[in-house]
Engineer: 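Got a structure for you, written out below as structure tokens; questions coming shortly.
Everything numeric in this text was worked out from a predicted model, so none of it was measured. Note on naming: letters A, B, ... go to the chains in the order of the sequence lines (proteins, then strands), and numbering restarts at 1 for each one. Scope of the values below: all heavy atoms of this structure, side chains included, with no hydrogens, waters or symmetry mates.
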Amino acid sequence: MLDIKFVRKYPEIVKENIRKKFQDHKLPLVDEVIELDAKIREDKQEGDKLRAERNTVSNSIGLLMREKKIDEANEKKKQVQAINLKLETLEKEEEELSEKLKKIMMVIPNIIDPSVPIGKDDSENVEIEKFLEPKVPEYEIPYHVDILEKLKGIDLESARKVAGNGFYYLTGNIARLHSAVITYARDFMINKGFTYCIPPFMIRSNVVTGVMSFDEMDAMMYKIEGEDLYLIGTSEHSMIGKFIDTILDKKDLPYTLTSYSPCFRKEKGAHGIEERGIYRIHQFEKQEMIVVCEPEDSMKWFEKLYHYTVELFTSMQIPVRTLECCSGDLADLKVKSIDVEAWSPRQKKYFEVGSCSNLGDAQARRLGIRIKGEKENYFAHTLNNTVVAPPRMLIALVENHLQQDGSINVPEVLRPYMGGLEVIKP
RNA sequence: GGAGAAAUACCCAAGUCUGGCUGAAGGGAUCGGUCUUGAAAACCGACAGGGUGUAACAGCCGCGGGGGUUCGAAUCCCUCUUUCUCCGCCA
């Protein structure tokens with residue numbers, strides 16, 4: 001969400017940005033929004049005048065009543081009633097226009113960083129850097145579910161019976177490995193100076209509508225029946241929600257938080273649930289990081305954040321690469337975004353395991369997250385990034401550490417969390 | 001789940017019964033200044049937030065959120081949220 005004042009002042013920049021994102025159909029919205037804004041301000045001024053008049057006349061009624069000049073007071077009451085009649089239509093119009101303006105403002109994309117590569121869709125995303133050598137062993141790497149089943153580490157059949165498609169039972173050492181990854185990732189982030197946080201796993205509708213659009217909400221969020229509560233799709237929802245409508249003190253910045261939560265997603269639309277695997281599912285667990293910081297620091301944090309993810313994966317000897325989202329693939333709220341992708345020796349390509357985003361002040365503006373300034377308060381910058389989402393990362397882990405005999409080498413950093421176990425054998 | 005009490009600005013807090021110079025007193029904290037070799041104290045000033053407009057002033061919104069009554073609402077009514085006390089239930 002942009003600042004309306006910015007749109008008013010630099011409509012050409014906003015339009016150019018829309019073109020860069022290949023959303024030309026949104027171009028007319030810019031002029032529409034400027035026109036709406038002018039009309040709203042006009043209404044506001046007229047309303048202010050009427051309200052001022054009402055205030056003075058009402059006050060004088062108070063004085064007249066005290067002096068028992070009832071007739072004069074009644075005369076003035078009629079005056080105010082007339083003003084109120086005018087105000088009613090005016091206020092209604094203003095409200096309708098503001099609603100319309102807000103709706104459009106939500107759709108106008110955030111100004112992307114100059115460094116973002118221009119491209120239409122995800123096919124034009126740009127590889128930034130590779131870490132560790134992507135190896136393909138001599139022997140065949142089976143599908144991850146087959147690997148896990150052989151290790152008696154997964155039971156999808158029972159899960160389907162109990163909860164349906166898109167759920168899983170992890171069992172034995174694989175379940176333990178899953179927890180080990182989460183715990184290791186938690187400690188990893190704590191060692192980077194982040195504050196560990198366990199947030200609510202359900203949030204109210206007003207928080208949901210604050211952090212996502214209606215369409216996203218419909219496609220992702222599970223609602224609790226009979227309650228004003230939704231299961232979170234990521235802990236970012238409750239973590240950013242924590243800051244809604246707050247004015248932060250400079251000395252408390254930056255907020256660097258790492259949170260654990262299960263995540264629940266309907267995954268309605270686009271790709272849907274993968275039948276056999278645990279790549280895309282309704283419920284998974286995730287360690288997340290978020291940063292709320294001064295505007296001038298957000299790019300510095302952005303670089304740091306995705307490098308943490310890279311470091312975490314390489315510490316487990318999983319080859320990764322960073323892939324920058326091009327302008328057309330970048331979500332409207334984001335200034336810049338980089339995915340971390342892990343190597344799949346089976347598919348002989350990289351696949352997404354994390355996503356790091358700098359939202360600039362767009363999310364903060366939408367949610368009212370401000371910093372107390374010397375003279376004026378201003379909006380903070382917000383960032384979020386996946387530390388690790390174990391079910392998906394387990395795919396990378398087992399594929400990259402699978403031995404010819406079907407066993408899995410446990411990366412050294414995880415062994416302390418596995419009771420010293422070095423190899424998971426069938 | 002039941003009964004009761006409460007929510008005022010960074011914190012404390014008056015005002016609510018009885019609607020009207022409250023367009024929110026007072027205190028503390030914080031920031032700026034005077035004084036001082038420096039500090040403390042004292043004194044002076046600034047001080048919730050939002051938005052519009054202006055050369056500047058003024059004016060508008062704002063007392064947990066939303067709605068209502070009224071010429072006029074911090075104050076009366078409805079509703080939601082949160083906190084506290086008591087009872088019940090329960091990991």
Side-chain angles (χ1 to χ4, degrees), chain A residues 1-9 33-102 104-105 198-211 223-230 237-238 241-253 255 262 292 361-362 364-380:
Chain A
M1 193 168 175
L2 291 172
D3 186 353
I4 181 69
K5 284 183 196 156
F6 182 86
V7 182
R8 210 189 290 158
K9 206 165 170 187
V33 114
I34 290 171
E35 209 174 295
L36 271 173
D37 172 57
K39 183 83 182 96
I40 287 168
R41 281 183 295 150
E42 211 175 276
D43 281 1
K44 201 167 260 178
Q45 276 185 67
E46 204 183 325
D48 279 359
K49 255 187 232 160
L50 288 172
R51 274 182 287 266
E53 204 182 326
R54 176 177 67 185
N55 288 345
T56 47
V57 177
S58 286
N59 271 337
S60 69
I61 292 174
L63 292 174
L64 289 172
M65 295 293 266
R66 206 165 309 153
E67 294 167 21
K68 306 276 180 210
K69 295 179 183 168
I70 309 290
D71 289 346
E72 250 179 274
N74 281 337
E75 199 53 41
K76 297 225 171 190
K77 277 188 194 178
K78 276 182 199 157
Q79 253 184 62
V80 179
Q81 274 166 338
I83 294 171
N84 277 342
L85 213 61
K86 268 195 250 174
L87 257 177
E88 202 181 332
T89 46
L90 197 66
E91 277 172 349
K92 207 173 153 197
E93 182 182 88
E94 195 190 315
E95 199 183 322
E96 277 167 13
L97 293 177
S98 300
E99 199 70 26
K100 217 165 148 188
L101 178 105
K102 199 179 157 196
I104 299 178
M105 287 302 285
I198 301 173
F201 301 154
M202 297 183 203
I203 53 178
R204 285 224 174 88
S205 60
N206 65 325
V207 180
V208 180
T209 50
V211 295
K223 189 176 186 335
I224 304 296
E225 198 182 332
E227 312 253 346
D228 181 31
L229 285 173
Y230 290 79
H237 296 155
S238 21
K242 189 171 140 69
F243 293 97
I244 287 182
D245 284 325
T246 50
I247 298 171
L248 307 170
D249 222 311
K250 264 179 193 291
K251 66 174 195 295
D252 298 329
L253 293 171
Y255 285 90
V292 179
D361 66 359
R365 175 169 294 109
R366 196 162 147 176
L367 301 177
I369 305 172
R370 283 155 302 167
I371 301 171
K372 194 161 189 62
E374 305 280 321
K375 279 188 172 171
E376 284 195 328
N377 297 341
Y378 52 95
F379 291 104

Engineer: Which residue, F379(A) or N55(A), contacts RNA chain B at a nucleotide closer to its 5' end, judged by nearest heavy atom?
Structural biologist: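 Its nucleotide being nearer the 5' end, the pick is F379(A).
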
Engineer: Once you apply a heavy-atom cut-off of 4.0 Å, does K44(A) come out as touching a base, just sugar-phosphate, or nothing?
Structural biologist: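 It contacts sugar-phosphate atoms only.
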
Engineer: Taking OP1 and OP2 of U52(B), is either one under 4.0 Å from a side-chain nitrogen or oxygen of R8(A)?
Structural biologist: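 Affirmative; the distance criterion is met.
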
Engineer: What is the separation between atom NZ on K102(A) and atom P on G50(B), rounded to the nearest whole Å?
Structural biologist: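 Whole-Å distance recorded here is 17 Å.
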
Engineer: So which one's nearest nucleotide on RNA chain B is more toward 5', Q81(A) or R51(A)?
Structural biologist: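 Its nucleotide being nearer the 5' end, the pick is R51(A).
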
Engineer: Checking all strands, does N377(A) fall into the base, sugar-phosphate, or nothing category for heavy-atom contacts under 4.0 angstrom?
Structural biologist: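 If one applies the 4.0 Å heavy-atom cut-off, N377(A) turns out to touch the sugar-phosphate alone, with no base involved.
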
Engineer: Determine whether a donor-acceptor pair (N or O, by modelled atom type, separation under 3.5 Å) exists between the side chain of S60(A) and the backbone of V57(A).
Structural biologist: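 Between the backbone of V57(A) and the side chain of S60(A) there is a qualifying donor-acceptor contact (under 3.5 Å).
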
Engineer: What heavy-atom pair brings D228(A) and S205(A) nearest, and what distance separates the two atoms?
Structural biologist: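 The answer is OD1-OG, 2.7 Å.
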
Engineer: Give me the distance, rounded to whole Å, that separates U82(B) from A24(B) when you measure between the P atoms they each carry.
Structural biologist: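 Nearest-Å result for U82(B) against A24(B) at atom P: 31 Å.
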
Engineer: Working to the nearest 0.5 Å, report the span between CD of E227(A) and CZ of R204(A).
Structural biologist: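 Interatomic distance, E227(A) CD to R204(A) CZ, rounded to 0.5 Å: 10.0 Å.
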
Engineer: Measuring from D37(A):CG to K44(A):NZ, what's the distance to the nearest 0.5 Å?
Structural biologist: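 Answer rounded to 0.5 Å: 8.5 Å.
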
Engineer: Scan nucleotides 81-83 of chain B against the protein and return all N/O pairs shorter than 3.5 Å with their distances rounded to 0.1 Å.
Structural biologist:
{"residue": "U81(B)", "atom": "O3'", "partner": "R204(A)", "partner atom": "NH2", "Å": "2.6"}
{"residue": "U82(B)", "atom": "OP1", "partner": "R204(A)", "partner atom": "NH2", "Å": "2.6"}

Engineer: Rounded to whole angstrom units, what separation is found between the CD atom of Q45(A) and the C1' atom of C60(B)?
Structural biologist: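 Atom-to-atom, Q45(A) to C60(B), this comes out as 10 Å.
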
Engineer: Evaluate the criterion side chain to side chain contact (heavy atoms under 4.5 Å, CB included) for residue pair F243(A) and L367(A); output intermediate values, then yes/no.
Structural biologist: CA-CA 8 Å; F243(A) 293 97; L367(A) 301 177; over 6 Å; no

Engineer: Quick check on side chain to side chain contact (heavy atoms under 4.5 Å, CB included): which of I40(A), L36(A), V33(A) does I4(A) satisfy it with?
Structural biologist: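 In the set I40(A), L36(A), V33(A), the residue that makes a side chain to side chain contact (heavy atoms under 4.5 Å, CB included) with I4(A) is V33(A).
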
Engineer: Would you mind reporting whether V208(A) and H237(A) have side-chain heavy atoms less than 4.5 Å apart?
Structural biologist: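 Answer no - side chains too far apart.
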
Engineer: Are any non-hydrogen side-chain atoms of E42(A) and K39(A) less than 4.5 angstrom apart?
Structural biologist: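 Heavy-atom side-chain distance check passes, below 4.5 Å.
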
Engineer: To the nearest Å, how far apart are D228(A) CG and G66(B) P?
Structural biologist: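 Result: 16 Å.
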
Engineer: L229(A) CG to C80(B) P: how many Å, rounded?
Structural biologist: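 Answer to the nearest Å: 16 Å.
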
Engineer: Using whole Å, report how far CD1 of I40(A) lies from C1' of G50(B).
Structural biologist: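 One finds 15 Å between C1' of G50(B) and CD1 of I40(A), rounded.
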
Engineer: Heavy atoms only, 4.0 Å cut-off, all strands: where does N74(A) land among base, sugar-phosphate and nothing?
Structural biologist: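 The residue N74(A) makes no contact with any strand.
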
Engineer: Strictly under 3.5 Å: I want the nitrogen or oxygen pairs between protein and nucleotides 16-20 of chain B, one per line.
Structural biologist:
{"residue": "G20(B)", "atom": "O2'", "partner": "R66(A)", "partner atom": "NH2", "Å": "2.7"}
{"residue": "G20(B)", "atom": "N2", "partner": "S58(A)", "partner atom": "O", "Å": "2.4"}

Engineer: Mind checking the P distance from A73(B) to C63(B)? Whole angstroms is fine.
Structural biologist: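 The answer is 11 Å between these two P atoms.
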
Engineer: If we ignore hydrogens and angles and just use 3.5 Å, is the side chain of R366(A) paired with the main-chain N or O of G210(A) as donor and acceptor?
Structural biologist: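 Answer holds: yes.
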
Engineer: Would you mind reading off the distance between I83(A) atom CD1 and U70(B) atom C1', rounded to a whole angstrom?
Structural biologist: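 Answer to the nearest Å: 15 Å.
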
Engineer: For R370(A) and N377(A), which heavy atoms make the closest approach, and how far apart are they?
Structural biologist: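 The answer is CB-CB, 4.5 Å.
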
Engineer: Decide yes or no for R54(A) and R51(A): does some side-chain heavy atom of the first lie under 4.5 Å from some side-chain heavy atom of the second?
Structural biologist: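 Yes. Closest side-chain heavy atoms under 4.5 Å.
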
Engineer: Does R370(A) put a side-chain nitrogen or oxygen below 4.0 Å from OP1 or OP2 of G50(B)?
Structural biologist: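 For G50(B), OP1 or OP2 has a side-chain N or O of R370(A) closer than 4.0 Å.
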
Engineer: Mind calculating the distance between NZ (K250(A)) and P (C10(B)) to the nearest angstrom?
Structural biologist: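 Nearest whole value for this atom pair: 17 Å.
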
Engineer: Which part of the nucleic acid, if any, lies within reach of N206(A) when heavy atoms closer than 4.0 Å are counted: base, sugar-phosphate only, or nothing?
Structural biologist: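 No contact.
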
Engineer: For atom P, what is the distance between G45(B) and G64(B), given to the nearest Å?
Structural biologist: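 That atom pair is separated by 30 Å.
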
Engineer: Does K86(A) reach the side chain of I83(A), with side-chain heavy atoms less than 4.5 Å apart?
Structural biologist: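 Answer no - side chains too far apart.
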
Engineer: Taking atom P in both U52(B) and C61(B), compute the distance separating them and give it to the nearest angstrom.
Structural biologist: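 Looking at atom P only, U52(B) and C61(B) are 16 Å apart.
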
Engineer: Where do A380(A) and V292(A) come nearest, in terms of heavy atoms and distance?
Structural biologist: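 The answer is CB-CG1, 3.8 Å.
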
Engineer: With P as the reference atom in both, quote the distance from C80(B) to C86(B) in angstrom, rounded to an integer.
Structural biologist: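 Result for the P pair: 25 Å, nearest Å.
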
Engineer: Once Watson-Crick and G-U wobble pairs under 3.5 Å are found, how is RNA chain B written in dot-bracket notation, 5' to 3', with | for any base paired to another strand?
Structural biologist: ((((((((.[[[..)....(.....]]].(((((.......)))))..((.........))..[[[[[..)....]]]]])))))))....

Engineer: Between C11(B) and G49(B), how many Å separate the two P atoms, rounded to a whole number?
Structural biologist: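 About 12 Å, rounded to a whole number of Å.
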
Engineer: Looking at every strand, decide which applies to K372(A) at a 4.0 Å heavy-atom threshold: base, sugar-phosphate, or nothing.
Structural biologist: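 Counting heavy atoms under 4.0 Å across all strands, the contact made by K372(A) is with sugar-phosphate only.
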
Engineer: Using the P atom as the point on both nucleotides, what is the distance between G62(B) and G67(B), in whole Å?
Structural biologist: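 Approximately 10 Å lies between the P atom of G67(B) and that of G62(B).
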
Engineer: What are the two closest non-hydrogen atoms of L253(A) and L248(A), and how far apart are they?
Structural biologist: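 Heavy atoms only, the tightest pair is CD2-CD1, 4.1 Å.
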
Engineer: Pick the C1' atom in G15(B) and in G23(B), then give their distance to the nearest Å.
Structural biologist: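 That atom pair is separated by 15 Å.
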
Engineer: How many Å lie between NZ on K49(A) and C1' on U54(B), as a whole number?
Structural biologist: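 About 13 Å, once rounded to whole Å.
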
